[in-house]
Each structure stands twice: as C-alpha cells, then as structure tokens.
Amino acid sequence: MPDIYLDNNATTKVDSAVVDVMIPYFTEFFGNPSSIHRFADGVAKAIKKARSQVQELIGAEHDSEIIFTSCGTESDSTAILSAIKAQPNRKEIITTSVEHPAILALCENLEKEGYTIHRMPVDKCGRLNLEAYKNLLSEEVAIVSVMWANNETGTIFPVVEMAEMANAAGVMFHTDAVQAVGKIPMMLQDTKIDMLSISGHKLHAPKGIGVLYLKRGTRFRPLLRGGHQERGRRAGTENTASIVGLGKACELAMEHMEYENVQVKAMRDRLEQGIVAAVPHCFITGDLNNRLPNTTDIAFEYIEGEAILMLLNKAGIAASSGSACTSGSLEPSHVMRAMDIPYTAAHGTIRFSFSRYNTMSEVDEVLKVMPSIVATLRKLSPYWDSINNEPVADPEQAFQPTYA
C-alpha cells in the first residue's frame with residue numbers, strides 16, 4: 001500500500017535539517033535566553049539568528065519586527081485584539097466570509113461584545129470585490145484582517161493592494177499569511193501591511209511555534225503580559241528549540257521557493273487535470289488563475305467528501321475536506337457555502353495540498369484509484385442513481401465549473 005501524504009495545508013512533515021538544528025537546544029544549549037550567564041549567551045544568539053531568518057523570508061525591514069508566538073491562531077488574536085485595544089473608539093472590523101476559524105471565531109465573539117463585523121462576500125471563484133471593500137473603509141474601522149491565501153482553495157487575495165487602501169483611509173491592516181508564507185515571494189517592507197501571521201508547522205517547522213510580524217511604528221498592545229521577552233510584546237520564556245527550527249525552515253523555504261512554484265505546481269496541475277479528464281461531474285473550486293502552487297480543491301458531485309476520504313485513506317492516501325480545524329462538521333465548509341457552490345457538490349469537495357516531498361509517481365498512484373473510488377460511491381448515491389449519470393434538474397445546477 002502506498003503512503004502518500006497530500007494534506008500539507010493541514011500540517012507538514014518537519015524537515016530533517018530542521019530537526020537536526022533543534023536537538024542541541026533540548027540538551028546542550030538548554031539555558032534560559034533571559035539569563036546573564038554563559039549558558040544563556042549562545043541561546044540568545046540562536047534566537048536572534050532565527051529572527052533574521054524569518055525576516056529575510058518575508059522581506060521585513062528589521063528583525064525587531066518579528067515577534068515569536070505559539071502558533072498562527074495566537075498571532076491572529078494578538079493582531080486583532082491589539083488593534084481594538086489601541087483604538088477603543090473604533091468599533092468596526094472588516095474581514096471576509098472565507099477566513100480561517102482562527103479569525104472568524106474571534107470576530108464572532110467580538111460581535112457579541114458590541115463590535116460590528118463586516119464579512120466581505122466572495123464570488124463563485126472565491127474573489128473579493130475591491131470596490132465594495134473600499135466603501136467599507138472608514139474612521140470607525142479598527143482593523144482589516146484578510147488572509148493572504150485561502151487554506152481550502154488556495155485562492156490568493158490582493159492583500160498588498162488592500163493594505164494600501166486601508167492605509168490611505170487610516171485603518172490598520174492584518175493578514176493571516178499562514179498558507180502563503182514560504183510558497184510565494186514576499187517583501188513586506190515595500191507594503192503597507194501592519195501585521196502578518198505565520199505558523200511554523202505549515203512550512204516544515206514543528207507545531208507550537210508561530211510569528212507575528214509587526215511593522216515598526218504600528219500601535220500595539222500585548223496579548224500576553226508578564227516578563228520582558230520579545231521586547232515586552234509577548235511574555236513567556238522563549239520556546240528556543242522551536243524558534244531555531246522555524247528559522248531553519250524559513251531558510252529552507254527561501255531555497256525551495258522556485259521548486260514550489262515550478263515542480264510542485266506541475267504535480268498539482270497533473271493531478272487535477274487527470275482527475276477532471278477521468279471523472280465526470282467534478283470541477284476545481286477557487287480562482288484558477290490566482291492561487292497557491294501547491295493547492296487544489298476538487299468538488300465531486302452527488303457524493304460525500306468524508307466517504308471519499310475514507311476510501312482514499314484505505315488506499316494509503318491522505319487528503320482532506322477543507323480545514324482540519326473544522327473537521328467533524330456534517331455541513332459543507334463555510335468556504336464552499338460562501339462561494340455558493342451547489343449543495344450537491346459542496347458536500348463532495350476534497351483538498352489535495354502538496355509539498356516539496358511529494359513526487360509525480362505519487363500523483364500517478366492517486367490518479368489510478370480516484371476514478372474507481374468516485375464510481376463506487378456514486379453507485380451508492382440515490383442522487384446519482386436517479387439521474388442516470390445526468391445532472392439533476394435543479395436550478396442550483398446552473399453553476400458552471402470554472403475549468404469548463
């Protein structure tokens with residue numbers, strides 16, 4: 001049985017080179033970096049090096065703009081809560097309907113506390129209307145939070161342009177760049193982005209480490225208070241081994257950026273083109289002309305995504321049906337609903353997300369089993385049986401796949 005991992009948007013394998021640089025900081029270099037004796041000196045220098053490695057990957061102006069956190073969710077919460085604490089008279093937040101639960105759940109809670117949340121809709125390809133966005137910007141808005149790239153479809157949002165528009169209106173701008181960092185080039189020093197979130201385990205670093213980029217001069221209120229760590233902006237003893245690992249992962253991401261955008265993209269394209277050619281009534285979701293090189297989200301009509309995943313898993317293939325943070329729900333993902341994907345297709349969406357560890361031979365293995373998996377499940381589907389391989393006569397089915 002093959003062992004094929006195509007769920008890299010959920011988490012990634014820690015690179016062996018990352019593990020190698022981490023190990024000494026569990027044993028040999030174990031000192032607290034805040035101490036003043038020799039056991040701390042080398043540790044503090046290692047953290048500083050990691051900060052510079054992160055800075056280089058995202059194109060920050062200075063390493064002081066890098067704040068180490070525990071994860072992307074903490075970075076997201078810190079950004080938004082800082083903005084509203086620093087501007088208590090501003091009671092509005094702008095985000096999108098397709099954000100990660102880390103943003104949407106926080107905004108839902110803030111809404112209960114009296115904040116007005118503007119959740120921008122997307123079209124059938126997952127794109128935003130920038131004119132509508134411009135009309136929402138006002139001096140009542142504390143912060144805009146828009147993901148750089150969608151975790152389900154890979155659709156890339158024009159966050160650099162949106163940050164410019166927010167800045168012109170005097171509004172802070174944050175982007176959850178968890179899926180985008182390490183996959184596409186960034187040069188934050190040339191943008192008006194005030195804050196940006198990173199999660200280490202999405203780019204071959206360990207779980208439990210993240211980053212909040214904070215542009216110099218941006219008003220800021222810490223989420224965690226206590227010690228003086230991270231220049232007083234995030235209290236708590238530094239997770240040294242994971243910080244060092246994240247730094248190395250950022251260095252490797254820089255080295256492999258071209259590979260991600262050429263070879264990894266070629267694997268993704270081969271998979272989706274092969275599936276669309278071999279399996280009737282399926283289509284690619286999202287903006288096919290503007291998306292991450294490693295991500296494809298395919299909707300299979302008239303069957304359940306969970307059933308597909310079970311049979312894929314039986315065949316030794318790991319994929320997902322949307323965000324791992326929302327798994328367990330019987331409803332279609334909020335991203336598919338926001339894109340107005342027909343119900344009979346939204347239930348059958350499967351996300352395949354690649355990394356540099358995948359191969360073309362793995363793609364071919366998936367293509368061998370996918371048509372039979374879909375055919376097997378459709379034989380059990382009352383919808384498929386009733387239409388005799390023809391689309392249901394339903395107004396919702398007027399939706400046209402974007403690849404057609």
Side-chain angles (χ1 to χ4, degrees), residues 8-12 51 53-61 63 65-80 82-83 94-96 98-104 106 120 126 128 143-164 166-167 172-205 207 209-215 218 246-247 249-254 256-257 260-261 286-287 290-295 323 325 335 353 355:
N8 288 279
N9 283 10
T11 196
T12 57
R51 210 181 299 278
Q53 290 167 315
V54 177
Q55 173 199 353
E56 184 177 3
L57 177 62
I58 63 176
E61 183 179 3
D63 66 1
E65 297 175 318
I66 308 303
I67 303 172
F68 290 113
T69 67
S70 66
C71 60
T73 297
E74 182 192 331
S75 299
D76 288 344
S77 291
T78 301
I80 292 175
S82 170
I94 299 173
T95 188
T96 79
V98 295
E99 295 297 308
H100 189 274
I103 295 293
L104 293 180
L106 175 61
M120 292 182 290
L128 295 169
I143 190 169
V144 176
S145 182
V146 175
M147 59 187 1
W148 198 308
N150 186 262
N151 52 299
E152 293 191 29
T153 65
T155 297
I156 297 173
F157 289 127
V159 293
V160 173
E161 182 179 355
M162 296 178 78
E164 291 277 357
N167 180 264
M172 288 188 187
F173 190 92
H174 164 257
T175 180
D176 179 337
V178 162
Q179 296 295 346
V181 169
K183 298 187 181 80
I184 56 178
M186 295 180 181
M187 188 55 64
L188 293 185
Q189 61 184 292
D190 296 333
T191 76
K192 298 297 184 181
I193 294 171
D194 297 298
M195 291 180 276
L196 174 146
S197 300
I198 300 173
S199 181
H201 76 104
K202 306 294 187 178
L203 64 153
H204 305 288
K207 300 170 183 65
I209 185 66
V211 164
L212 176 65
Y213 159 81
L214 178 69
K215 183 181 284 292
T218 301
L246 176 57
C250 289
E251 177 186 302
L252 294 171
M254 289 281 289
H256 291 99
M257 189 82 70
E260 287 274 352
N261 285 274
D287 185 353
N290 189 32
R291 55 183 172 149
L292 296 175
N294 80 314
T295 305
S323 170
C325 296
V335 176
S353 46
S355 81

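Sequential numbering from 1 along the given sequence is applied to the chain's residues.
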Minimum heavy-atom distance [X]-[Y], with the two atoms named:
| X | Y | value |
| --- | --- | --- |
| Q179 | N9 | NE2-O, 2.9 Å |
| S145 | I103 | OG-CD1, 3.5 Å |
| E65 | A60 | OE1-CB, 3.4 Å |
| M162 | F173 | CB-CE1, 3.7 Å |
| T295 | R291 | O-NH1, 3.6 Å |
| E260 | P293 | O-CB, 3.3 Å |

For [X], side chain to side chain donor-acceptor pair (under 3.5 Å) partners two or more places apart:
| X | answer |
| --- | --- |
| S353 | none |
| Q55 | none |
| T12 | none |
| T155 | T153 |

Once side chain to side chain contact (heavy atoms under 4.5 Å, CB included) is applied, do any residues pair with [X], and if so which ones, sequence neighbours excluded?
| X | answer |
| --- | --- |
| L188 | I58, W148, T191, I193, L196, Y213 |
| S197 | S75, D76, H174, L212 |
| E56 | M254 |
| T218 | M172, D194, L214, K215 |

For [X], which of [options] qualifies under side-chain contact (heavy atoms from CB on, under 4.5 Å)?
| X | options | result |
| --- | --- | --- |
| I198 | V178, L203, L57, T69 | L203 |
| M195 | I80, I67, I143 | I143 |
| R51 | V211, I66, L246 | I66 |

In short, salt bridge (charged side-chain N to carboxylate O under 4.0 Å, His left out) pairs touching residues 175-189 with sequence neighbours left out are none
Just how far is it from atom [atom1] of [X] to atom [atom2] of [Y], taken to the nearest 0.5 Å?
| X | Y | atom1 | atom2 | answer |
| --- | --- | --- | --- | --- |
| I209 | S70 | CD1 | OG | 8.0 Å |
| L292 | I184 | CG | CD1 | 6.0 Å |
| L252 | M257 | CG | CE | 11.5 Å |

Go through the steps to decide whether V181 and K202 satisfy the test side-chain contact (heavy atoms from CB on, under 4.5 Å), and finish with yes or no.
-> CA-CA 9 Å; V181 169; K202 306 294 187 178; over 6 Å; no
Residues two or more places apart in sequence or in another chain: which of them pass salt bridge (charged side-chain N to carboxylate O under 4.0 Å, His left out) with E61?
-> R216
Taking only residues two or more places apart in sequence, or in another chain, which ones meet E74 in a salt bridge (charged side-chain N to carboxylate O under 4.0 Å, His left out)?
-> R234
Are the side chain of N290 and the backbone of I156 linked by a donor-acceptor contact shorter than 3.5 Å?
->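 Checking the backbone N and O of I156 against the side chain of N290, a donor-acceptor pair under 3.5 Å is found.
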Between N151 (side chain) and H100 (backbone), is there a donor-acceptor pair under 3.5 Å?
-> no
